[in-house]
Number of protein chains: 2
Amino acid sequence: MNSSIAITNRSLHDQVVSRVRDLIIEGVLEPGSRIDEARLIDELGVSRTPFREALRTLAAEGLVIVRPSKGSIVRKWTPEDVFAMLEVLGHLEQLAGELACARASDAEIAELVDLHNRMLGHYRARDRMPYYKLNQEFHSRLTELSKNETLQETQRNLQARLKRIRYIGNQRPEYWAGAVEDHEAMVAALKDRDGARLGQAMARHIRNTWDRVKDSI
Amino acid sequence: MNSSIAITNRSLHDQVVSRVRDLIIEGVLEPGSRIDEARLIDELGVSRTPFREALRTLAAEGLVIVRPSKGSIVRKWTPEDVFAMLEVLGHLEQLAGELACARASDAEIAELVDLHNRMLGHYRARDRMPYYKLNQEFHSRLTELSKNETLQETQRNLQARLKRIRYIGNQRPEYWAGAVEDHEAMVAALKDRDGARLGQAMARHIRNTWDRVKDSI
DNA sequence: TATTTTATACATGTATACAAAATACACCAC
DNA sequence: GTGGTGTATTTTGTATACATGTATAAAATA
């Protein structure tokens, strides 16, 4: 029972989309495996119509492939795919960084610095999961500061595709330390509102990400 | 009756998606207007299921908004939306240009130069429609030369969203002349495989596009 | 025994029917 | 005349039934 007062009128479609998306990101539905329609609709307790519509949405997002008459599968990324996604994401976040320096308010930047400091706390305590979650938020929030809706949308989509891979990849301690260093540089540039430097730092961060994840795909 | 021999086994879904997408791009379905499910499925001769699945795909592409229980509408872009899309597209094509210079074969570049020359022919003859179509192809092909699948996918999507706007915008003769000049610069840089210069030229081209279309949104 | 064919089961694609929500409209009170 | 309430109608959301296509396994032939 939902104790909150808020009216939760999310359509069944939206609920199924985010539920299945999570199942894919969490790896419950394995990349390359068939999606058993009958079993999933049974487990989710919905009928085929909203489920299939959800699959179409996820297919458009690139997480699922619908093969006519042959069922749907969870999309599986090749190393080339991942490299391509990071190449694009790197340039988009570079743009985001440049725009953020030009368009964000002082308060917004302060918030982001605060978020970064909390991340540092989790790093020192070696709490991977909360660090990881704040990391996702850091990148999303920084992209928001670009005040460019399309940029946010595209970044969100790529981040969703990469979420699982990144989580798997960032396991080794020295990789984690490297990522934290990258973030230090980014936050410093953001504080100075040095768009070019922030852009460079973000692009470098994404390139480093490739080095960190490439062996675990 | 289909006189061609080719087996046209595209799913009903795909057919509906591209049909409705075209209706939106051509302006038959006007931005902001409600999509009359009953009428359209009747005109297309399909049932509601594949049609609604197609709407979900188009919604994910950003061309349509599905409002729960209130029907779907054709998405209408504000000037801010268009500016944001061009800002992103500009940077993506800049990246595409840089990568193309590094990764394309001589033959591929020659093909693109040839395509450009055909565009010039249409420009001299003032044949707007064939010029416009080759222009779309020019940008798609150049992005293909980046050999980055994600980049192509993202570019395709943004190009689809902007298609109608760009067509409306590029009407005045002096604007057209400016666009042709931009292309001359791009092709020259591509011939020299000067990635930085090509990138700059593409980014500038997109910025000019904004100036050309902003008054007609 | 290997290979091809065919039958059958099962999963997917599409259509339709039913339920729920939103909108339009008429009627009444103020 | 204006505002509000209740009902009818339309439209959308979901479930289910039916049709069609694909894969598997059994049987027949080479």
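Computed from heavy atoms alone, side chains included, the values below leave out hydrogens, waters and symmetry copies.
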- Select base, sugar-phosphate, or nothing to describe what A:Arg34 touches, counting heavy atoms under 4.0 Å on all strands. sugar-phosphate
- A:Arg39 has an atom CZ; how far is it from atom C1' of C:dC10, in whole Å? 16 Å
- Task: Check each of B:Arg161, B:Arg56, B:Arg21 against B:Glu61 using the side-chain hydrogen bond (donor to acceptor under 3.5 Å, both in side chains) test, and report the only one that passes.
- Result: B:Arg21
- Task: Establish, with yes or no, whether the OP1 or OP2 oxygen of C:dA11 is under 4.0 angstrom from a side-chain nitrogen or oxygen of A:Arg48.
- Result: no
- Task: Rounded off to whole Å, could you give me the CZ-to-P distance for the A:Arg67 and C:dA11 pair?
- Result: 14 Å
- Item | Minimum-distance nucleotide (side-chain atoms of A:Ser47 versus D:dA15, C:dA22, C:dT12) | D:dA15
- Task: Could you state the atom-to-atom distance from CD of A:Glu37 to P of D:dT22 in whole Å?
- Result: 16 Å
- Task: Quick one: sort the A:His183 and A:His139 rings into parallel, tilted or perpendicular, breaks at 30° and 60°.
- Result: perpendicular
- Message: Quick check for you: among D:dA17, D:dG21, D:dT14, whose closest atom lies nearest to any side-chain atom of A:Leu12?
- Response: D:dT14
- Note on the structure: A:Ser69 has its side chain closest, among C:dA15, D:dA23, D:dG21, to D:dG21
- Measure from NE2 on A:His13 to P on D:dT12 and round the result to the nearest Å. 16 Å
- Query: Could you state the CD1-P distance from B:Ile73 to D:dT11, rounded to the nearest angstrom?
  - Reply: 17 Å
- Does a side-chain N-to-carboxylate-O contact under 4.0 Å join B:Asp211 and B:Arg207? no
- Query: Starting at the 5' end of DNA chain C and moving along, which residue's nearest nucleotide shows up first, B:Thr49 or A:Ile35?
  - Reply: A:Ile35
- Item | Closest contact, heavy atoms only, A:Leu134 versus A:Leu115 | O-CD2, 3.6 Å
- Taking C:dT12, D:dA15, D:dA23 as options, the one with an atom nearest any side-chain atom of A:Val46 is D:dA15
- Starting at atom CG of B:Leu55, determine the distance to atom C1' of D:dT11, rounded to an integer number of angstrom. 14 Å
- Task: Specify the separation, in whole Å, of atom CG of B:Asp36 and atom P of D:dT12.
- Result: 7 Å
- Item | Interatomic distance where CD1 belongs to B:Ile41 and C1' belongs to D:dT11 [whole Å] | 11 Å
- For A:Met186 against A:Phe138, the heavy-atom pair lying closest together: CE-CE2, 3.4 Å
